[in-house]
There are 2 protein chains.
Amino acid sequence: MEKIIQLHKQLIPDLTETLKKRYAILEQVMITGTIGRRNLATSLNMTERSLRSEVDFLKEQDLLSVTSAGMSITEAGKLLVHDLEPTMKELIGLTKIERKIKQAFGMKEVIVVSGDSDTSMNTMQQLGRAGANILKKYAANLDVIAVAGGSTMAEVSSRLSVSTQLKGCLFVPARGGLVEDVELQANSIASTMAKRTGAAYRLLHVPDHLGEEAYQTLMQDPNISDLVQVIRNARMIFHGIGEAITMAKRRKVHEGDLNQIAEKGALAEAFGYYFDKEGNVVHAVTTVGLKLEDVNSKLTIGVAGGSSKGEAITAVLRAGYSDVLITDEGAAMEIVKQCNLH
Amino acid sequence: MEKIIQLHKQLIPDLTETLKKRYAILEQVMITGTIGRRNLATSLNMTERSLRSEVDFLKEQDLLSVTSAGMSITEAGKLLVHDLEPTMKELIGLTKIERKIKQAFGMKEVIVVSGDSDTSMNTMQQLGRAGANILKKYAANLDVIAVAGGSTMAEVSSRLSVSTQLKGCLFVPARGGLVEDVELQANSIASTMAKRTGAAYRLLHVPDHLGEEAYQTLMQDPNISDLVQVIRNARMIFHGIGEAITMAKRRKVHEGDLNQIAEKGALAEAFGYYFDKEGNVVHAVTTVGLKLEDVNSKLTIGVAGGSSKGEAITAVLRAGYSDVLITDEGAAMEIVKQCNLH
DNA sequence: CGTTGTTGGACGTTTTTTGTCCCGTAATAC
DNA sequence: GTATTACGGGACAAAAAACGTCCAACAACG
């Protein structure tokens with residue numbers, strides 16, 4: 001394997017470029033389903049004509065099929081993309097980075113997709129796809145899966161499809177919270193995921209910013225307290241990672257609290273908790289659901305990408321709760337830089 | 001491994017071509033030492049211009065260094081060629097053929113270099129190089145190595161260099177015979193090999209076409225009879241393979257004998273014996289030295305290439321004395337065809 | 001000191017790639 | 001229904017790359 005990489009790099013770097021290009025096209029078409037030439041070109045930022053040449057080639061090889069509605073990937077193409085994925089990663093050098101991060105934080109698995117979600121919608125989609133795959137991989141029958149909210153989680157949920165592994169699972173939101181956009185709330189994500197995979201789900205309609213009294217009152221409700229119990233016993237937690245300030249604002253935290261959070265050095269947010277640079281919890285959303293002490297005993301899978309989130313991801317990794325991370329090249333490079341993993 | 005290559009070929013069909021071309025250039029330059037552009041071009045039969053582009057590329061990659069005296073390979077280039085040899089073989093599909101032949105005849109090792117010695121001098125040189133490597137590989141200290149004559153053996157001898165493994169060996173000619181060109185006689189080959197490697201040698205100046213009386217007389221000579229004893233106890237026999245008729249003519253066999261040999265269906269010649277299509281011995285040169293019954297107990301290494309020799313090589317393999325074969329793509333394909341190894 | 005073989009520059013020619021427009025058509029929205 | 005949109009693919013000129021060919025400058029060698 002390593003020999004092949006060496007071969008590519010030293011004897012045919014030019015061919016390697018076209019290899020990457022063609023692979024990217026196939027991958028993108030596979031993600032998108034069926035797409036037109038012009039759209040595809042902008043999404044991969046290639047010129048229309050050069051894309052066209054490549055597509056002609058791929059069509060010739062029976063890897064793409066092209067109808068008047070647009071082009072889509074063939075079975076052979078799918079197979080190829082799947083089989084070639086590890087090699088391509090190695091080729092781009094992502095495998096190395098994966099190993100580094102994995103070892104640095106003693107994690108179970110780290111996946112790095114190529115690109116940067118900050119600048120490329122494409123990468124975001126790949127992140128989603130990778131997240132969906134990982135979810136399938138680790139989920140066993142009858143598992144309870146607690147999911148958090150956020151745009152990345154939404155992306156993952158849209159990439160899920162019916163699968164036998166997930167069929168018997170139960171999706172629940174990790175914590176309460178109703179302030180964010182509906183589509184980004186944990187509740188919506190959980191239900192979408194469940195619906196798309198054919199699994200079951202239960203929702204938790206509880207606001208954040210709860211006072212003590214309100215909390216007590218809510219927990220009186222057997223439905224709610226029961227569900228909270230289920231959540232806290234979930235076997236797996238699936239979450240995004242956000243920048244603290246951005247998240248706080250999105251959750252419409254009061255001005256005063258916001259300053260307070262910032263003062264404490266909060267950098268990152270994950271499953272309702274705010275972390276500083278060293279990974280210490282400096283603040284938490286006051287709502288019901290998963291508690292920090294529950295996280296340790298669960299399989300914790302984080303999905304987040306974009307170089308701008310690199311610092312935040314690093315902070316969460318340092319907290320030491322993460323078992324699996326799915327990120328992108330942009331963020332991964334930032335993590336490597338932050339932690340001096342050279 | 002093979003699968004990965006197959007996958008890559010789907011996305012870059014001319015991968016193999018380019019790779020072969022560049023690799024061939026490096027290899028040839030390595031063999032030749034330092035060579036000019038035009039020479040190299042004819043030797044690889046490429047056009048001068050396209051070679052030039054490739055050379056420019058290889059120079060860029062620091063695999064070739066080019067001075068006003070010509071170009072030569074860099075250390076990095078040497079390393080690359082060496083490291084990648086097995087991978088390249090796999091790529092071209094030679095490994096498969098090697099395995100097939102090896103298994104079909106129950107041999108120790110089979111090496112196939114790419115090309116066809118009939119049409120490419122280059123391939124002949126590679127054959128020589130491969131032969132030299134194998135000789136080094138199998139030779140142990142203090143071994144007696146019986147070598148036969150022929151142009152292929154001469155090529156091998158010219159590719160040898162001083163080596164610790166061979167330093168303590170003793171090279172001897174396998175059999176007598178003085179009729180051929182001096183440079184192709186076993187005596188010359190043995191001495192060249194010994195000189196180039198820093199080993200010892202002893203020569204056997206005995207004509208072929210010996211009558212019974214002459215034979216008896218010769219064996220009276222203690223020098224000769226002693227050496228014959230040494231030869232017959234050699235641990236290794238290193239020989240070429242020739243077409244029977246060609247060899248017989250070269251040895252200036254009388255017209256009558258020639259017809260007789262041909263009538264018996266002689267197809268191949270090796271270490272003084274003539275074999276028919278099934279590998280039966282149908283004739284032998286009447287001289288002193290190694291006898292057929294000695295061959296079985298020795299490590300027998302044959303070197304021969306060129307598609308025209310395919311049949312002859314097959315015949316010798318069928319005789320069942322061979323332990324190691326070094327040949328080229330042209331001959332190997334012919335062997336595969338002859339034996340229906342598909 | 002000439003001869004020979006070397007690289008590298010130059011340049012016209014050919015081939016390939018690329019940019020651009022437009023057309024007919026199938027799907028989609030309205 | 002019809003209007004609109006988005007699709008692939010044909011066509012063609014422009015640009016670029018590859019190629020064949022020749023020659024000049026230069027170093028090594030006899």
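Chain identifiers are assigned alphabetically (A, B, ...) following the order of the sequence lines, protein sequences preceding nucleic acid strands; residue numbering begins at 1 within each chain. Below, all heavy atoms of this structure are taken into account, side chains as well, without hydrogens, waters or symmetry copies.
- When rounded to the nearest whole Å, the span between CZ of A:R52 and C1' of C:dC21 equals 11 Å.
- A close approach under 4.0 Å does occur between a side-chain nitrogen or oxygen of A:K59 and OP1 or OP2 of D:dG9.
- Rounded to an integer number of Å, the gap from CD of A:E54 to C1' of C:dG19 is 16 Å.
- A:T47 has no side-chain polar atom (N or O) that falls below the 4.0 Å cut-off from OP1 or OP2 of C:dT18.
- Each of B:V81, B:L63, B:L58, B:I73 was checked for a side chain to side chain contact (heavy atoms under 4.5 Å, CB included) with B:V29, and the lone residue meeting it is B:I73.
- Summary of the strand contacts: A:A69 and A:S53 both lie near DNA chain C, and taking for each the nucleotide with the nearest heavy atom, the more 5' one is attributed to A:S53.
- Spacing between atom CD of B:E60 and atom P of C:dG8 amounts to 12 Å, rounded to whole angstrom units.
- One atom, CG of A:D56, and another, C1' of C:dT16, lie 14 Å apart when rounded to the nearest Å.
- When the options A:R22, A:Q125, A:R129 are evaluated for a side-chain hydrogen bond (donor to acceptor under 3.5 Å, both in side chains) with A:E27, the one that passes is A:R129.
- Across the protein-nucleic acid pair, A:E48 atom CD and C:dT17 atom P stand 18 Å apart, rounded to whole Å.
- Ion pair A:E85/A:K89 not flagged as a salt bridge, since none of the NZ, NE, NH1 or NH2 atoms sits closer than 4.0 Å to an Asp/Glu carboxylate oxygen.
- Results of the side-chain hydrogen bond (donor to acceptor under 3.5 Å, both in side chains) test with A:D328 over A:S117, A:S120, A:S307 single out A:S117 as the only residue that passes.
- Taking atom CD of residue A:E17 and atom P of nucleotide D:dA17, one finds them 15 Å apart after rounding to whole Å.
- Each of A:S50 and A:S68 lies near DNA chain C, and the nucleotide nearest A:S50 is the one positioned closer to the 5' end.
- What separates CZ of A:R37 from P of C:dT20 is a distance of 14 Å, to the nearest Å.
- Checking C:dG5, C:dT7, D:dG9 against every side-chain atom of B:N39, the shortest atom distance belongs to C:dG5.
- Look at CZ on B:R49: it is 12 Å from C1' on D:dC22, rounded to the nearest Å.
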